[in-house]
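None of the values given here were measured: they were computed from a predicted structure. In what follows, chains carry the letters A, B, and so on, assigned in the order in which the sequence lines appear, proteins first and then strands, with residues in each chain numbered from 1.
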Amino acid sequence: MLCNKPLAVFAMAAALLGGCATLDPDQVASDVMDEAAQRTQLALNGSGSLDTAPAAVDLALVHNRSVRADLLQAGVSAAELNALSRPGNPIFEVVSLPGGDHGRVLDVDLRASVLGVAATPWRARTARAAYAAERSEALLRLVDFTADVERAWVEAVAARQRLDLYARILEAAEAAMTIAEELDAAGNRPAIARVRERNMLINVQLEYATAQLQAEAARFALERLTGQGVRLEELPVALPAPVPAILPGEDEVLDASLPLARSRAQVEAVSRAAGLENWASLLDHAEIGLAAEREDREWARGWMAEISLPLFDQGQHRRAAARLRAEQALERHAALTADIVAALTNARSVHALAVEQATRVDDDLLPASEALLEQTLLQYNAMQLGVFELLNAFETRTRAGLAWIDAHAAAHQADIAVRQLAAGGSPGAVSIMPVAAGPSADAGDH
Amino acid sequence: MPISRRDALLVGSAGLAAAGLSGGRAAAQPAPRAAHSVTVDPAGDYAPGRPGQDYRPVVTPDGATLPHRVVNGVKVFHLVAEEVEHEFAPGLRATTWGYNGRTHGPTIEAVEGDKVRIYVTNRLPASTTVHWHGVILPSGMDGVGGLNQRAIHPGETFIYEWTFRQHGTFMYHSHHDEMTQMAMGLMGMMVVHPRRPEGPLPDRDYAIMLSEWSLPAGASRPDPNAMADFNILTMNAKCYPGTSPLVAAQGERVRLRFGNLSAMDHHPIHLHGYAFTITETDGGVIPETARHPDTTVLVATGSTRTVEFVADNPGDWAMHCHMTHHVMNQMGHDLPNMTGVDARRVDRAVGGLLPTYMTMGHDGMGEMGAHLEMGHMPIPENSLPMIGARGPRDYITMGGMFTILKVRPGLTGDADPGWYSNPEGEARLASASELARDGISEG
Ligand SMILES: [Cu+2]
């Protein structure tokens, strides 16, 4: 028969050396999802809402279609891995020619690429490394995505809260304007006083409009990520108090890091590819096979071998490229490690500073601005200070509220960055807004 | 008052001239004489004047008289300059400077011809001196720091000595870093009775120091840096309703001696219900020919004025500085003028932000004290903004340099006789029939 003993042994060995175990591509997406949930420590049960940052993540994971597309990509990679883990199929060739008296001449070949079969284990390992990289990539996107959603949620809540406070500041400016109009109507002040008040009002109106724009931008960003219509009114009226983060250590973060895992897999993949290339470049075209020929009603059997002669290209360039690619991957891996360590240091110190700032706002600034308002009211009652000073103190207190929002948002952002790193997410600078200062405009001369 | 015969023989020319007894008509060219008032021989030697015998003691309402002892014919006083916890009125206290535990210092009282020795102990944290304002004395005793003496350092005791060769109403005060030390209260009255009084002696003799302070509402130490923002105006360092009333029996002769050591203000003191005669300045007795009747006496800062009248009009009579900002307590002066604004509209605009907010000043300040009295508008601790006092018929919207002269028939002693009952009737709501009778339309 065709089943030639050496070839069969060869094929079986190749099959064994290749990936015997195959992945179920349809299962990959939910595996990645489970691992992301476990890494981010978010209870993802599909009951999302806009009430908390984790709930918003839940909501986004259900509704954001590009997240689902990314997850499917992991399945695609798994299927590709399976494909690459099999030996290259042998080629069967039949040639039938009209013969002489004795009927047709049949020429039957069965041959296999030496590389396609013998390199199967190496190729499968390379593919496995590539798949690991792809899977890490998918997981990383998911972890980063959850952090992005949390960030967007914090920003949206903060923007809503800021908008409320700017509305109060606007209300105070409108009250001042009303008083200015009354003073003007009573003939108690020259027109310049009312005009000055009007200028201040317009400035506050513009501040409010800016806050509206920022709130809309934040709302839209959250809407995009959650894949759901978001209305500001659905968000909580205030940011939650920042939960003290469990700050992970450097080793812990490096172990968990998905960009590093991906990078490691890439290093492995290109290193394997380089190793394979050392002889694959020489065996660029090498086939062996069996040949049978039927002529004159007689079968004649034999074998065949085919090889490209390395006369013009000995494969050294391919080998060089592969070697450099491997070095390149190592350099990238080292750079990424340094980057992650730096990002962790940054996130930790930003977190510490932001928490300290939020604490100071809570413990000092808010009570101080409240006390200022109380004392101003006492002095107003005692007719030592006028109503404009009172409204100024009100504004100062309200602006302390803005500082509270900025400080708490910063603490949340730093916390998210730290948790993102701990979950293996991408490193990056923590971007926060500077904490608002006191009243932007001097009260002016009333 | 008994006058010794020896004293009577030593009447000075100025006193005689003032009394119109010198026979000046005969002197075609009167000899040049000092302006101050003298009833003693400048070179004479006089026994220390005795209270109740040689003079009728002055009363310093809300104040005190500095005690003395006589040592070898010299009246010895001891002033101790020190920090004082002072109450301007109920609800307003401050750490001030004063003498012998009081702000202002106790009144020093003497008789013309008295030899005095005044010890001054400095228990302040700063150097000080004492100047004897209006007293004719040797230059070295005048108390101007650096000019007449070196300053009295903390812990030191200095002696001042002289003989009074004049009578009148004077003052004493620090003359070292005056701006600070007088702003903190270092001052007092000084009354020197004539050795030989002219005319009828007063039945009531009151000494009142006028001064002013800068004490922000809620603060408790006067601010010496103030130049214009004086918000506590006082009589004997009390502002109404902290001032005790002056009392007199109907028909009594009343003498009021005002001194003014305010930093930056003169005070026109107006007495209701009477016309009085301004009889003396710190320079001396005003010749009768130069006197005039008045109802307001302008007491310039750095001077004294003495007025006299017979309290023949019974009642409760306001007596106060007539500068309207001087009869206010701790009024802020940098407020927008709210008079006439629509308070409801403002209340709505601000009340949405501050629920306890209440527009004030739109109908003046008159209701302010009563509002505060009701307690629904909390004000700073230790402050006296706009506060007056509950009177017998309504809220008295006065503060600061304000007191009440209470004249009653048959009154004896110094106790407050309570409110006058207006037996002759008082202003009241007009009845419809009265309006109709006199053709008055309320519309
Ligand atoms: Cu005055």
Asker: Can you list everything that forms a ring pair (Phe, Tyr, Trp, His ring centres under 6.0 Å) with B:His322? Sequence neighbours excluded, please.
Answerer: B:His270, B:His320

Asker: So for atom CZ, which belongs to B:Arg390, do other residues, nucleotides or ligands contribute more than 12 heavy atoms lying within a distance under 6.0 Å?
Answerer: yes

Asker: Please look at A:Ala172 and chain B and tell me whether the side chain, the backbone, both or neither of the residue comes under 4.5 angstrom of a heavy atom of that chain.
Answerer: both

Asker: Within a radius of less than 6.0 Å around NE2 of B:His272, do more than 12 heavy atoms belonging to other residues, nucleotides or ligands occur?
Answerer: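 For B:His272, atom NE2 is crowded (more than 12 foreign heavy atoms under 6.0 Å).
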
Asker: Would you please test B:Val350 and A:Ile179 for side chain to side chain contact (heavy atoms under 4.5 Å, CB included) and show each step?
Answerer: CA-CA 9 Å; B:Val350 183; A:Ile179 298 162; 3.7 Å; yes

Asker: So, does B:Asn337 use its side chain to make a donor-acceptor pair with the main chain of A:Asn188 at under 3.5 Å?
Answerer: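 Flag not set: sc B:Asn337 to bb A:Asn188 has no pair under 3.5 Å.
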
Asker: Going through the distances and angles, do B:Leu353 and A:Leu391 end up as a side chain to side chain contact (heavy atoms under 4.5 Å, CB included)?
Answerer: CA-CA 9 Å; B:Leu353 304 166; A:Leu391 290 172; 3.9 Å; yes

Asker: Heavy-atom pairs under 4.5 Å with chain A: which of B:Gly332, B:Pro380, B:Gly340, B:Pro385 has the most?
Answerer: B:Pro380

Asker: Count the heavy atoms of every other residue, nucleotide or ligand shown that sit under 6.0 Å from CE of B:Met227, and state whether that count exceeds 12.
Answerer: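 Check fails, neighbour count at 12 or below.
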
Asker: Just wondering, are more than 12 heavy atoms of other shown residues or ligands nearer than 6.0 Å to CD in A:Glu233?
Answerer: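 Yes - once you tally the heavy atoms of other residues, nucleotides and ligands closer than 6.0 Å, there are more than 12.
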
Asker: When you look at CG of B:Asn225, are more than 12 heavy atoms from neighbouring residues, nucleotides or ligands closer to it than 6.0 Å?
Answerer: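 It does: B:Asn225 CG has more than 12 such atoms within range.
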
Asker: Roughly how far, to the nearest 0.5 Å, is CG of B:Leu335 from CD of A:Glu389?
Answerer: 7.5 Å

Asker: Using only atom types and a distance under 3.5 Å, with no angle test, would you say the side chain of A:Tyr380 pairs donor to acceptor with the backbone of B:Met358?
Answerer: yes

Asker: Name the region of B:Met338, side chain, backbone, both or neither, that has any atom closer than 4.5 Å to a heavy atom of chain A.
Answerer: both

Asker: Going from CD on B:Gln330 to CD on A:Gln384, what distance comes out if it is rounded to the nearest 0.5 angstrom?
Answerer: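 Nearest 0.5 Å value for the CD-CD distance: 6.0 Å.
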
Asker: Relative to chain B, which segment of A:Glu374 carries a heavy atom at a distance below 4.5 Å: side chain, backbone, both, or neither?
Answerer: neither

Asker: Is it the case that more than 12 heavy atoms not belonging to A:Ile192 sit under 6.0 Å from its CD1 atom?
Answerer: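 Atom CD1 in A:Ile192 is not crowded, with 12 or fewer foreign heavy atoms closer than 6.0 Å.
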
Asker: Mark yes when over 12 heavy atoms from residues, nucleotides or ligands other than B:Arg393 sit less than 6.0 Å from its CZ; otherwise mark no.
Answerer: yes

Asker: Look up atom CG in A:Leu377 and atom OG1 in B:Thr356, then write down how far apart they are to the nearest 0.5 Å.
Answerer: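 If we round to the nearest 0.5 Å, A:Leu377:CG and B:Thr356:OG1 are 4.0 Å apart.
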
Asker: What do the steps show when you test A:Glu182 against B:His362 for side chain to side chain contact (heavy atoms under 4.5 Å, CB included), and what is the final call?
Answerer: CA-CA 10 Å; A:Glu182 280 298 320; B:His362 56 288; over 6 Å; no

Asker: Enter the distance from B:Thr339:OG1 to A:Leu183:CG here, rounded to the nearest 0.5 Å.
Answerer: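 Result: 9.5 Å between the selected atoms.
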
Asker: With chain B as the partner, which of A:Ala175, A:Ala382, A:Gly386 has the greatest number of non-hydrogen pairs under 4.5 Å?
Answerer: A:Ala382

Asker: Donor-acceptor pair, distance only, cut-off 3.5 Å: does the side chain of A:Asn381 make one with the backbone of B:Pro378?
Answerer: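 Present.
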
